[in-house]
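For reference, the structure is listed below as structure tokens.
As a basis for the values below, the full set of heavy atoms in this structure was taken, side chains included, without hydrogen atoms, waters or symmetry mates. Here is how names work: the chains are called A, B, and so on, in the same order as the sequence lines, proteins then strands, and each is numbered from 1.
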2 protein chains.
Amino acid sequence: MVTIGAERSAFEAIADPTRRKILDLVRAREMRAGDLAARFTVSRPAIAKHVRVLREAGLLRERREATQRFYTLEPKALESVDRWLAPYRLFWASRLMDLKHVVEEAAKTRTK
Amino acid sequence: MVTIGAERSAFEAIADPTRRKILDLVRAREMRAGDLAARFTVSRPAIAKHVRVLREAGLLRERREATQRFYTLEPKALESVDRWLAPYRLFWASRLMDLKHVVEEAAKTRTK
DNA sequence: GCCTATCGTAACCAAATGGTTACGATAGGC
DNA sequence: GCCTATCGTAACCATTTGGTTACGATAGGC
């Protein structure tokens, strides 16, 4: 298998708050590069670099029309993150069980 | 409000694959610093630094016993990430709806 | 008291990151 | 043909990151 261009993990991509905000914007509606840049205080090239990182992580889809570039969220964006996170949700659930157990024991003691 | 020690985001913390693996290990069972280090090829101080990042992000809990240090997963670890991720799950769901619609249209056309 | 085991921290280094300004490519209006 | 608008990329820079080796602190065994 030949990889064209740089690979990059979604985890790295979402580490930066600016990039998370870009994703949040693009999730709502398709946006042009300029529209995105206008939402931030940093320069347009800085945003272009963030967008590149997001594309290399497979999170953004690019559509060109004349000189303009439109960005949309890749349909399965962040599923890899979600998959990794899933066992942690089970962990929280088990923690809640523990709490439930503690509460029930306390109730039993009280009604004894 | 006075911040003791460095603040750090959970998103930065999980950007590194070694740190994600540390979390995965600690989620299963409490581990000593040395136990953790033994699981990786990098040096012990390198692991100590990763552990510090994870603690600063509020993901790890430390317990000391003599000269040993035991680490466990903080009960609510990564909930902030999960909260940020939640709208993306809705996004996937709506994408699935779209797909369902496409499939149903195709079925209708076929049976016409 | 001394040795050993278990650690974090300091100091240092190469590479990656996130920002900037300057420039080039491309398409549309006139 | 020329100007303008919309962009990405190149070159550069300061800071952060992830790794190393060397060292110090602390507690238990004998």
Using a heavy-atom cut-off of 4.0 Å across all strands, would you classify B:Phe70 as base, sugar-phosphate, or nothing? nothing

5'-most by nearest nucleotide on DNA chain C - A:Arg8 or A:Ala46: A:Arg8

Answer yes or no: is there a side-chain heavy-atom contact under 4.5 Å between B:Asp24 and A:Tyr88? yes

Pairing of DNA chain D as dot-bracket, 5' to 3': ( ) intra-strand, [ ] crossing, | other strand, . unpaired, with Watson-Crick or G-U pairs under 3.5 Å? ||||||||||||||||||||||||||||||

Within the distance-only criterion (no hydrogens, no angle test), does the side chain of B:Arg19 pair as donor or acceptor with the backbone N or O of B:Ala13 below 3.5 angstrom? yes

Whole angstroms only, please: what is the CD-C1' distance between A:Glu62 and D:dC7? 10 Å

Does A:Ala15 offer a backbone N or O that forms a donor-acceptor pair with the side chain of A:Arg20 under 3.5 Å? yes

SB check B:Lys76 B:Glu74 (cutoff 4.0 Å): no

Is A:Ser43 close enough to C:dT20 that one of its side-chain N or O atoms is under 4.0 Å from OP1 or OP2 there? yes

Which is true for B:Phe40 with a 4.0 Å heavy-atom rule: it touches a base, it touches only sugar-phosphate, or it touches nothing? nothing

Can you sort out the partners of A:Thr18 under side chain to side chain contact (heavy atoms under 4.5 Å, CB included), two or more places apart, ordered by chain and number? A:Asp16, A:Ile22, A:Phe40, A:Ile47, A:His50

What does B:Arg55 touch in the nucleic acid at a heavy-atom separation under 4.0 angstrom: a base, only the sugar-phosphate, or nothing? nothing

Between B:Asp16 (CG) and C:dT17 (P), how many Å, whole number? 11 Å

How many Å lie between CG on A:Leu36 and P on D:dT6, as a whole number? 14 Å

On DNA chain C, check which nucleotide each of B:Ala33 and B:Lys49 is closest to and give me the residue with the more 5' one. B:Ala33

Nearest 0.5 Å, please: how far is CZ in B:Arg39 from NZ in B:Lys21? 8.5 Å

On a heavy-atom basis, the closest approach of A:Val81 and A:Phe11 is CA-CZ, 3.8 Å

Please give, in whole Å, the distance from C:dT17 P to A:Phe11 CZ? 16 Å

For nucleotides 22-28 of chain D, which of its nitrogen or oxygen atoms have a protein nitrogen or oxygen under 3.5 Å away, and what is each distance?
none

Distance, rounded to the nearest Å, where B:Ile47 contributes CD1 and C:dT6 contributes P: 16 Å

Sorted by position of nearest nucleotide on DNA chain D, 5' first, the leading residue of B:Ala15 and A:Arg52 is A:Arg52

Find the distance A:Glu12:CD to C:dT17:P and express it as a whole number of Å. 6 Å

In whole angstroms, the gap separating P of C:dT17 from CD of A:Glu56 amounts to 10 Å

Quick one: does any side-chain atom of A:Arg55 pair with a main-chain N or O of A:Leu60 as donor and acceptor, under 3.5 Å? no

Expressed in angstrom and rounded to an integer, what is the separation of B:Arg32 atom CZ from C:dA5 atom C1'? 10 Å

Any A:Tyr71 side-chain nitrogen or oxygen under 4.0 Å from OP1 or OP2 of D:dG8: yes

Given C:dG19, is OP1 or OP2 found less than 4.0 Å from the side-chain N or O atoms of A:His50? yes

In this structure, OG1 of A:Thr72 is separated from CG of A:Leu59 (nearest 0.5 Å) by 11.5 Å

Would you indicate, yes or no, if D:dG18 has its OP1 or OP2 atom less than 4.0 angstrom from a side-chain nitrogen or oxygen of B:Arg19? yes

Quick one: do A:Arg89 and A:Asp82 make a salt bridge, cutoff under 4.0 Å? yes

